[in-house]
Amino acid sequence: MTAFYGVELSNRLMLGTAQYPSPAILAEAVRAAGVDVVTVSLRRESAERRDGQAFWDLIRALGVRVLPNTAGCHSVKEAVTTAEMAREVFGTPWVKLEVIGEHDSLQPDLFGLVEAAEILSAEGFQVFPYTTEDLVAAGRLLDAGCEVLMPWGAPIGSGLGLNNLYGLRSLRAHFPDVPLVIDAGVGLPSHAAAAMELGYDAVLLNTAVAKAGDPVAMAAAFSQAIAAGRAAFEADPMEPRDMAAPSTPVIGKAFLG
């Protein structure tokens, strides 16, 4: 199993915790998927309504590792400040770093992302950067201290799957020893399985489970798909061909003229 900052996980699916119909359904979905990691935004802590503590108690009761995120941050300063606050609240050096640069697609600001990653790494954070499949940005993030990369499959919440297979294959090939997690845009279990078949190490998703008609069943389906996709990758799949190849041997077959 791949280690993320020295931590080995038993399940390659990571789940977000937003948008579920109820806290009870969230808890059931996490259990059904058997995940080790959930992401939590500091913005879920509501001092005004005083429901943040109840939510945090629910997460702790699940016995999973928390990956705080800087969701919704649009500047380096905002992302760094949010990460620092999250470390105090959740008691972990892990942080999923988001620095959003474009409002419609929620595409990350790669320049700001690298800057924020460098600052946080120097402060002792273990950064999981939400990035694109851009190879240059990936290299800069690694130079900044990141040991994990989280490229998007498609825009957040779109459910489009893996939009740039060439780019994702290239990223995997260029950084064979770096843990890579597909983050965002996954809508179906088949999308997650495809990511694993490319050799990715994990998949992080939220909306595809939380907004499903049956989030609990969908969470279980994603967990199964990821396990199947990883098993297929490890089995060394056949290469695709342009032409047909007979599966039944023709040696020794009688040919009638």
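Just so you know, these numbers come straight off a predicted model, no measurement behind them. The first residue of the sequence shown is numbered 1, and numbering continues consecutively from there. These numbers come from the heavy atoms of this one structure, side chains and all, not from hydrogens, waters or symmetry mates.
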Is [Y] reachable from [X] through a run of I, L, V, M, F, W or Y residues, each pair having side-chain heavy atoms under 4.5 Å apart?
X	Y	result
V66	F125	yes
L160	V181	no
V38	V203	yes
L106	V95	no
V127	I100	no

Side-chain heavy-atom pair [X], [Y] within 4.5 angstrom cut-off:
X	Y	value
T81	C73	no
V114	D143	no
F55	T17	yes
R87	E123	yes
M196	R12	yes
L9	V35	no
V186	F222	yes
D134	L110	yes

Pair F233 + Y200: ring centers closer than 6.0 Å: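 Between Y200 and F233, which both carry aromatic rings, the centre distance is not below 6.0 Å.
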Check: F90 ring centroid to W56 ring centroid under 6.0 Å: yes
Verdict with reasoning, T131 to L141, per side-chain contact (heavy atoms from CB on, under 4.5 Å): CA-CA 9 Å; T131 183; L141 287 166; 3.8 Å; yes
Closest non-hydrogen atom pair between [X] and [Y], with its separation:
X	Y	value
A29	P215	CB-O, 4.1 Å
A225	P189	CB-O, 3.3 Å
G185	S158	CA-OG, 3.8 Å
A33	L13	CB-CD2, 3.9 Å
V76	G112	CG2-O, 3.4 Å
F175	A138	CE1-CB, 3.6 Å

Sequence-distant partners of H74, ring pair (Phe, Tyr, Trp, His ring centres under 6.0 Å), two or more places apart: H103
Might you confirm whether atom [atom1] of [X] has over 12 heavy atoms from other residues, nucleotides or ligands at distances under 6.0 Å?
X	atom1	result
E197	CD	yes
R230	CZ	yes
F111	CZ	no

Can [X] and [Y] be counted as having a side-chain donor-acceptor contact under 3.5 angstrom?
X	Y	result
E133	W152	yes
S105	E102	yes
T39	N206	no

Return the [atom1] to [atom2] distance between [X] and [Y], rounded to the nearest 0.5 Å.
X	Y	atom1	atom2	result
S170	L135	OG	CG	6.0 Å
M218	D214	CE	CG	8.5 Å
L162	R169	CG	CZ	9.5 Å
D183	L205	CG	CG	9.0 Å
E147	Q126	CD	CD	7.0 Å

Evaluation steps, side-chain contact (heavy atoms from CB on, under 4.5 Å), between Y20 and E28: CA-CA 11 Å; Y20 286 82; E28 288 182 43; over 6 Å; no
For the side chain of [X] and the backbone of [Y], is there at least one donor-acceptor N/O pair under 3.5 Å apart?
X	Y	result
T82	A79	no
D109	V99	no
H191	L188	yes

Residue that, paired with L180, satisfies side-chain contact (heavy atoms from CB on, under 4.5 Å) out of L198, L149, V148: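 For L180, the side-chain contact (heavy atoms from CB on, under 4.5 Å) check succeeds only for L149.
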From T70, L204, I156, L97, residue fulfilling side-chain contact (heavy atoms from CB on, under 4.5 Å) relative to Y130: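 For Y130, the side-chain contact (heavy atoms from CB on, under 4.5 Å) check succeeds only for I156.
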Residues R241, E239: salt bridge by 4.0 Å N-O rule: no
Pair D201 + R172, salt bridge at N-O below 4.0 Å: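 R172 and D201: salt-bridged.
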Working for side-chain contact (heavy atoms from CB on, under 4.5 Å), residues T132 and N164: CA-CA 10 Å; T132 69; N164 184 357; over 6 Å; no
Step-by-step side-chain contact (heavy atoms from CB on, under 4.5 Å) determination, M150 to K96: CA-CA 9 Å; M150 302 183 78; K96 178 191 168 188; 4.2 Å; yes
